[in-house]
Amino acid sequence: DGVDARAHNSHSLHSPQADWPEKNCYIDLWIELLHALGLEPLALPGHALAVDFLGDQWTFFKPTGYELRELYGVDVQELTMWRPLIEHALEHVAAARLVSVEVDAWWLPDTHATDYRRQHTKTTIVLNDIDTPAKRLGYFHNAGYFELEGEDFEQVLLARRELPLFAELLRIDRSEALPQRELASRAQDLLQHHLAWRPRRNPFEAFAPRLAQELALMRERGLAYYHQWAFASLRQAGAAFELAAAHLEWLAKCGHPSGDAATHFREISATCKSLILKGARVAATGKPFDASAPLQAMARAWAAGMDAVESAVLQNA
């Protein structure tokens, strides 16, 4: 019968005490949606092990449809947008299906501290509760569940667009909370697949020379350029490894230990957070900064963490 999110409390992965209370818009909404469905989000982030550095960005990590079906019985299909968004949304939400859609954060009041009515930024939300007469929408976004209304409702759901939005249809009618032991076993099996797709070379060693180039550009281009760069690089890397660590810690509690891998990955997360702050100072003041030592430390932590996970996977094979 859909999701009753009126009394929704955010998952601990979005705690203010986390290094990255918000990771990226796609994984964040899945954490909160699964949590609202009574499912365990900590079984999901094994894919974070495969993040890589690709020149001008780190991988924007996101779960696959196969993982969501295997772990939770949730089916994700692309939604063909041949009608106005509001017509699709009303039909599917009424049938206890959910719609995730890319929107402009300019019209999302939960981003009041950053984008709301300030800048146009693409992000993804899940439409959950639509009241057309009242022009009110309940939606999942980032670290929680929110509502918008009035002009925001009109712009998100009713505005005409030259090109259709990208949207997905989320079928939750077959979702199932597996017993913890079975859920962990499936997550452990998926971990082998993700580990096989880890980068073939140490991504932090590849990142080091590019960061030196970017630091010079930050001094020239200032904070606006820096914030865009930081989201695509340090934030994605740091958030991925914080999630990877949380996932491995959950697996260990379920009887699938991986040595000290989580400790190494949490070191990467904390170091990325530190570098974000130091990079902001570079962009604001123009003062040079040598990041070689923390990057070398992260490269060592990545190698040690991957070795520990590989040893655990081989032991459990």
Side-chain angles (χ1 to χ4, degrees), residues 18-28 45-63 121 191 193-248 258 260-310:
D19 287 342
W20 310 94
E22 293 182 0
K23 283 65 172 166
N24 68 47
C25 62
Y26 197 78
I27 188 63
D28 284 333
H47 58 271
L49 288 178
V51 295
D52 198 1
F53 175 64
L54 303 178
D56 64 351
Q57 62 196 272
W58 282 76
T59 308
F60 189 89
F61 54 96
K62 56 196 299 185
T121 308
L191 192 66
H193 170 77
H194 298 308
L195 183 66
W197 276 94
R198 70 190 184 277
R200 290 180 172 176
R201 48 84 176 105
N202 192 310
F204 289 97
E205 291 177 356
F207 183 47
R210 183 59 179 258
L211 177 57
Q213 297 174 28
E214 295 291 351
L215 285 170
L217 281 175
M218 287 172 212
R219 293 196 294 272
E220 295 175 14
R221 299 182 180 180
L223 280 171
Y225 174 83
Y226 169 74
H227 287 307
Q228 292 178 326
W229 171 85
F231 174 83
S233 56
L234 289 171
R235 177 173 164 181
Q236 290 308 298
F241 285 103
E242 180 175 47
L243 277 178
H247 177 64
L248 294 173
S258 54
D260 56 358
T263 300
H264 293 300
F265 293 155
R266 287 203 177 276
E267 178 187 348
I268 292 173
S269 172
T271 305
C272 284
K273 183 177 181 179
S274 173
L275 284 176
I276 282 249
L277 299 174
K278 291 177 180 177
R281 285 196 289 270
V282 170
T285 66
K287 293 182 180 179
F289 167 63
D290 182 4
S292 56
L295 281 168
Q296 289 169 8
M298 287 194 289
R300 290 192 297 269
W302 183 88
M306 290 298 171
D307 286 347
V309 176
E310 184 173 34

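Annotation: the span from Ser258 atom OG to His264 atom NE2 amounts to 10.0 Å, rounded to 0.5 Å. Atom CG of Leu217 is separated from atom CD of Glu220 by 5.5 Å, given to the nearest 0.5 angstrom. Rounding to the nearest 0.5 angstrom, the gap separating the CD atom in Gln296 from the CG atom in Asn202 is 11.0 Å. Between atom CE of residue Met218 and atom OG1 of residue Thr285 there is a gap of 12.0 Å, rounded to the nearest 0.5 Å. Summarising the geometry, atom OG belonging to Ser269 is positioned 9.0 Å from atom CG belonging to Leu243; distances are rounded to the nearest 0.5 Å. Note that CD1 of Ile276 is 9.5 Å distant from NE2 of His227, once rounded to the nearest 0.5 Å.
In terms of heavy-atom proximity, Arg266 sits nearest to Ala245 at CG-CB, 3.4 Å. Scanning all heavy atoms of the two residues, the minimum distance from Leu191 to Gly46 falls at CD1-CA, 4.3 Å.
Every residue two or more places apart in sequence or in another chain was checked for a side-chain contact (heavy atoms from CB on, under 4.5 Å) with Arg200, and none qualifies. Qualifying ring-ring contact (aromatic ring centres under 6.0 Å, His included) partners for Phe61, counting only residues two or more places apart in sequence or in other chains: none. The side chain to side chain donor-acceptor pair (under 3.5 Å) test applied to Tyr226 returns no partner, not counting sequence neighbours. In terms of the side-chain contact (heavy atoms from CB on, under 4.5 Å) criterion, residue partners of Ala284 (sequence neighbours excluded) are, by chain and number, Leu223.
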Residues 229-242 side chain polar contacts: donor-acceptor under 3.5 Å, at least two apart:
{"unit_1": "Ser233", "atom_1": "OG", "unit_2": "Trp229", "atom_2": "O", "d": "2.6"}
{"unit_1": "Arg235", "atom_1": "NE", "unit_2": "Lys23", "atom_2": "O", "d": "3.1"}
{"unit_1": "Arg235", "atom_1": "NH2", "unit_2": "Glu22", "atom_2": "O", "d": "3.4"}
{"unit_1": "Arg235", "atom_1": "NH2", "unit_2": "Lys23", "atom_2": "O", "d": "3.3"}
{"unit_1": "Gln236", "atom_1": "OE1", "unit_2": "Asn24", "atom_2": "ND2", "d": "3.3"}
{"unit_1": "Glu242", "atom_1": "OE1", "unit_2": "Trp20", "atom_2": "N", "d": "3.0"}
{"unit_1": "Glu242", "atom_1": "OE2", "unit_2": "Asp19", "atom_2": "N", "d": "2.7"}

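Without hydrogens or angle criteria, Arg198 side chain to Leu195 main chain gives a donor-acceptor distance under 3.5 Å.
The shortest distance between side-chain heavy atoms of Phe204 and Phe53 does not fall below 4.5 Å. Ile27 has its side chain within reach of Pro63: a pair of non-hydrogen atoms, C-beta onward, lies under 4.5 Å apart. No side-chain heavy atom of Thr59 sits under 4.5 Å from any side-chain heavy atom of His47. Two residues are said to be in side-chain contact when any heavy atoms from C-beta on lie closer than 4.5 Å; Thr271 and Leu295 fail this criterion.
Salt bridge Lys62/Asp28: absent, no basic N to carboxylate O contact under 4.0 Å.
For residues 204-219, the set of pairs meeting the salt bridge (charged side-chain N to carboxylate O under 4.0 Å, His left out) definition, not counting sequence neighbours, comprises Arg210-Glu214.
Each of Ile268, Leu211, Leu275 was compared with Pro294 under the side-chain contact (heavy atoms from CB on, under 4.5 Å) criterion, and only Leu275 meets it.
The aromatic ring centroids of Phe265 and Trp302 lie 6.0 Å or more from each other.
Note that Lys278 lies outside the cation-pi zone of Phe289, set by a 6.0 Å cut-off to the ring centre and a 45° limit from the axis.
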Task: Full working for side chain to side chain contact (heavy atoms under 4.5 Å, CB included) between Asp290 and Leu215 - done: CA-CA 9 Å; Asp290 182 4; Leu215 285 170; over 6 Å; no

